[in-house]
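Some notes on the structure that comes next.
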Amino acid sequence: MEVEAYRGPDDLASHARFGPSKRNAVMFGSPGVAYVYLVYGMYHCLNVVVEAEGRAAAVLIRAVEPLRGIDEMRSARSAVAESRAAGRGKAAAEAAARRVATMPASRLAAGPGLVCAAFSIDTGMTGRDLCDPDADLRLELGDVAAELPVATGPRIGIDYAAEPWLSLPWRFFVPGNQSLSTGSSR
DNA sequence: GCAAGGATATCG
DNA sequence: GATATCCTTGCA
């Protein structure tokens, strides 16, 4: 499990840094809803809006550890990997699918883009209430989370906004967990 | 080590 | 309207 915190207009690394816009509008809205955006033209990232309405802040879900539904996550990952590699030929698509099929379950959602691929999340999820107990995508209290150790570190991929105070340890993760993103080892 | 890929924010 | 940029990933 690995997450990062992003604040409002005072956080140069946050999408809310320039105030409300069409893309980040939900960050200024009610807490507990999903904010999904497209990064690098091909990967989605899932955020959970926090803070009261009118105060933009969100938590980026960078990696999760699959506990149940592993087969479903694997087939979802395989589907996107296959279609993405399809442009490079049939052999490449089959190789990509096979790589997903043989990877350990702990790596199925070990990255922000991979979390969304495993859960079939796209920008259409933006604005959905993640606290609704009947929603098909929702947050629940886990029974093991409270006992897990939590480590902190600097956020990843925001070197462009490397103000001194921005290297605050706003990335939180379970140390030694097999499902951390590859970037987290930096 | 770096290309792919598209929406978006920030300009002319 | 054009273009630089990006909270990444997988292949060379």
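A heavy-atom distance below 4.5 Å is found between the side chains of A:V48 and A:I61. Counting heavy atoms from C-beta outward, A:M125 and A:F119 have side chains that stay 4.5 Å or more apart. Considering only heavy atoms from C-beta on, A:R138 stays 4.5 Å or farther from A:R128 through its side chain.
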Whenever both distances are under 3.5 Å in a Watson-Crick or G-U wobble pair, mark it; put DNA chain B into dot-bracket that way, with [ ] for crossing pairs and | when the partner is on another strand. ||||.||||||.
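Here A:S30 pairs with A:E53 under the side chain to side chain contact (heavy atoms under 4.5 Å, CB included) rule; sequence neighbours left out.
Within 6.0 Å of the CZ atom in A:R98, the count of heavy atoms belonging to other residues, nucleotides or ligands does not exceed 12. Around CZ of A:R55, the count of heavy atoms belonging to other residues, nucleotides or ligands within 6.0 Å does not exceed 12.
Less than 4.0 Å separates DNA chain C from at least one heavy atom of each of the following residues of residues 94-115 of chain A: A:R99, A:G111, A:P112, A:G113, A:L114. Near DNA chain C, defined here as any heavy-atom distance below 4.0 Å, the residues from residues 72-85 of chain A are A:R77, listed numerically.
Nearest approach of A:A117 to A:A76, heavy atoms of both residues: O-CB, 3.5 Å. Heavy atoms only, all atoms of each residue included: A:R68 and A:M73 are closest at O-SD, 4.1 Å. Of all non-hydrogen atoms in A:R7 and A:A16, the two that sit nearest each other are O-CB, 4.3 Å.
One can place OH of A:Y37 at 6 Å from P of C:dC7, the figure rounded to the nearest angstrom. One atom, CD1 of A:I61, and another, P of C:dT8, lie 14 Å apart when rounded to the nearest Å. C:dT5 atom C1' lies 15 Å from atom CG of A:L12, rounded to whole Å. The nearest whole Å value for the distance from the CD atom in A:E4 to the P atom in C:dC7 is 10 Å.
Distance check: A:L130 CG to A:E140 CD gives 11.5 Å after rounding to the nearest 0.5 Å. Note that OH of A:Y37 and CG of A:D122 are 14.5 Å apart. Values are rounded to the nearest 0.5 Å. One distance of note links CZ of A:R84 with CE of A:M42; it measures 7.0 Å at 0.5 Å rounding.
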Please list, pair by pair, any protein nitrogen or oxygen found under 3.5 Å from a nitrogen or oxygen in nucleotides 1-3 of chain C.
none

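A:R155 has no carboxylate O lying under 4.0 Å from a charged side-chain N of A:E4, or vice versa, which leaves the two without a salt bridge.
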Its contact letters, B for base, S for sugar-phosphate only and - for none at protein heavy atoms under 4.0 Å, make nucleotides 6-12 of chain B read B-SSS--
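With hydrophobic clusters built from ILVMFWY side chains whose heavy atoms lie under 4.5 angstrom apart, A:L114 does not share a cluster with A:F173.
Considering A:V64, A:I156, A:N177, A:L60 in turn, A:I156 is the only one that fulfils the side chain to side chain contact (heavy atoms under 4.5 Å, CB included) rule with A:E2.
Look at A:Y6 and the base of C:dC7; the rings stack, centres closer than 5.5 Å and planes less than 30° apart.
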